[in-house]
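Each chain gets a letter, A, B and so on, in the order the sequences are listed, and its residues count up from 1.
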Amino acid sequence: MKKVVVLVGPTAVGKTSLSIELAKELNAEIISGDSIQVFKDFSIGSGKVKREEMLDIPHHCIDILAPKDKFSVADFQRIAREKIDEISARNHLPMIVGGTGLYIKACIYDYEFSSQEEADEEIIKKLEAMNNEELVMELQKIDPEQAQAIHPNNRKRLIRALLIYEMTAVTKSDQIASQEHKPIYDAFIIGCTMDRATLYERINERVDMMVEEGLLDEIKGLLAQGVNFDDHAMQGIGYREWRAYFDKAMTKDEVIEEIKKHSRQFAKRQYTWFNNQMPIHWVDMQEPDSIKQLKKMLEAWRSEQ
RNA sequence: GGUCCUGUAGCUCAGUCGGUAGAGCAAUGGACUGAAAAUCCAUGUGUCGCCGGUUCAAUCCCGGCUGGGACCA
């Protein structure tokens, strides 16, 4: 099995700088595991590494899409796995760094997405016109297991499950049942953490910094090139909140507060994912000893067979 | 100085014609297999400003005190 280092953690915990430090020591190349950083021109708001911070460490999966493109887990899985192969072939260590839990898990675990045609507009319209109860009843017919598992209020998932069957003729349950739910790499998963109150302070400060660095100009630039608030990447935190500003429903300061709040809530959700979905070696970013210990463990892991 | 309004959950406020209280937001926990920075679920004990009075019983009525606001001087 190929070795892969994975570095995850909530937003603003300090993943980027630790990743560069580790990459230097391990002769690694970094693959960004982030659902927004793949888009060009979504830079300040997505917390992309700056050129000068990279210290010549190769970075992948950043700026690989145009701002109006669509992207999905399956795309990420395919591209990231290709990168892992390439980097390994170069005798470098691949290191996935990011906060998008699903993307990262789909990449390193044996998730399998059946090939999918472009979803039929007609079918989507038909499903979206149905109420929750009707969706559940429909799913009950083709995939009772998922109809049971998905909460009736979660329309997005209900529609997704129905669509999977429409597109691929395989139910979501069958798809999942065919997997072993195991990693396909020898992955060493590091989780960055710190005291919650401190993290929240850092998040607030980071948002202020983004605004100082020109977040609003970044949004204006995107709008000027034809991106609008309904586009996929614009649903990212730090981006979607500005819609209210341009609609004159909120002041700049109110938008900034919204971004901070959403970022804090996001960090909490990230913890929930990382705590429950993957076996993680947690590192306390405020404890130098904790990082030292991590490096020792990484050394040991790396020299294993 | 006077008159009136006001003080209930971290915040904004409901409410109890007297039987110790509830919404939204926040917060916390959780789910998660093609939108995942998305989507969804669960969780509400708080000296009802303080002291006293009336009452079987007061957050609710009465009195005083105190904080906030508006208006009149």
B/C4 and B/G10: how far apart are their C1' atoms, nearest whole angstrom? 31 Å

For A/His232 and B/A37, what is the distance between atoms NE2 and P respectively, to the nearest whole Å? 9 Å

Check against side-chain contact (heavy atoms from CB on, under 4.5 Å), A/Phe246 and A/Lys220: CA-CA 10 Å; A/Phe246 288 101; A/Lys220 285 177 179 165; 4.0 Å; yes

Could you tell me the separation between the CD1 atom of A/Ile36 and the C1' atom of B/A36, rounded to a whole number of Å? 9 Å

Round to the nearest Å and state the distance from A/Phe39 atom CZ to B/A36 atom C1'. 12 Å

Heavy atoms only, 4.0 Å cut-off, all strands: where does A/Ser263 land among base, sugar-phosphate and nothing? nothing

Ring geometry between A/His281 and A/Phe188 (parallel below 30°, tilted from 30 to 60°, perpendicular above 60°): parallel

Step-by-step side-chain contact (heavy atoms from CB on, under 4.5 Å) determination, A/Gln277 to A/Leu102: CA-CA 9 Å; A/Gln277 295 285 330; A/Leu102 177 67; over 6 Å; no

Given atom NZ of A/Lys261 and atom P of B/C11, what is their separation to the nearest angstrom? 16 Å

Residues A/Glu258, A/Arg243; criterion salt bridge (charged side-chain N to carboxylate O under 4.0 Å, His left out); working and verdict: CA-CA 12 Å; A/Glu258 282 295 291; A/Arg243 183 198 288 262; over 6 Å; no

Say you pick atom P in B/U39 and the same atom in B/U45; how far apart are they, in whole Å? 29 Å

Run the ring-centre check on A/His232 versus A/Phe71 and record whether the distance is less than 6.0 Å. no

Wobble G-U and Watson-Crick pairs count when both distances are under 3.5 Å; given that, what is the 5' to 3' dot-bracket string of RNA chain B, with | for pairing to other strands? (((((((..((((.....[..)))).(((((.......))))).....(((((..]....)))))))))))).

Return a single string for nucleotides 28-33 of chain B, one symbol per nucleotide in 5' to 3' order, where B is base contact, S is sugar-phosphate-only contact and - is none, cutoff 4.0 angstrom on heavy atoms. BBBBBB

Separation of the C1' atoms in B/C72 and B/U55, to the nearest angstrom: 39 Å

Scan side-chain atoms only and decide if A/Ser72 and A/Asp75 contain a donor-acceptor pair under the 3.5 Å cut-off. yes

Between A/Glu218 (side chain only) and A/Ser43 (backbone N and O only), is there a donor and an acceptor less than 3.5 Å apart? yes

Name the nucleic acid region contacted by A/Tyr103, choosing base, sugar-phosphate or nothing; use a 4.0 angstrom heavy-atom cut-off, strictly under. sugar-phosphate

If I take atom CD in residue A/Glu257 and atom P in nucleotide B/C11, what distance separates them, rounded to the nearest angstrom? 16 Å

Would you mind classifying the nucleic acid contact of A/Gly238 as base, sugar-phosphate or nothing, using non-hydrogen atoms under 4.0 angstrom? nothing

Atom-pair distance (CG on A/Asn132; P on B/C41), nearest Å: 10 Å

Rounded P spacing from B/G49 to B/G15 in Å: 15 Å

Distance, C1' atom - from B/U8 to B/U20, rounded to whole angstrom: 12 Å

Establish, with yes or no, whether the OP1 or OP2 oxygen of B/A36 is under 4.0 angstrom from a side-chain nitrogen or oxygen of A/Thr100. no

So, for A/Pro67 and A/Phe39, which heavy atoms are closest and what is the spacing to 0.1 Å? O-CD2, 4.1 Å

In terms of side-chain geometry, is the basic nitrogen of A/Glu86 or A/Lys83 positioned less than 4.0 Å from the acidic oxygen of its partner? yes

When you compare the side chains of A/Glu254 and A/Tyr245, does any donor N or O come within less than 3.5 Å of an acceptor on the partner? no

Please give, in whole Å, the distance from B/A27 C1' to A/Phe266 CZ? 18 Å

Gap in Å between the two C1' atoms, one belonging to B/G7 and one to B/A73, rounded: 26 Å

Say you pick atom P in B/C51 and the same atom in B/A58; how far apart are they, in whole Å? 14 Å

Can you tell me how far P in B/G46 sits from the matching atom in B/A21, rounded to whole Å? 13 Å

Phosphate-side-chain proximity, A/Gln235 and B/A36, N/O vs OP1/OP2 below 4.0 Å: yes

Quick one: closest heavy-atom pair of A/Val6 and A/Ala187, and the distance? CG2-CB, 4.4 Å

Mind calculating the distance between CD (A/Gln77) and P (B/A36) to the nearest angstrom? 14 Å

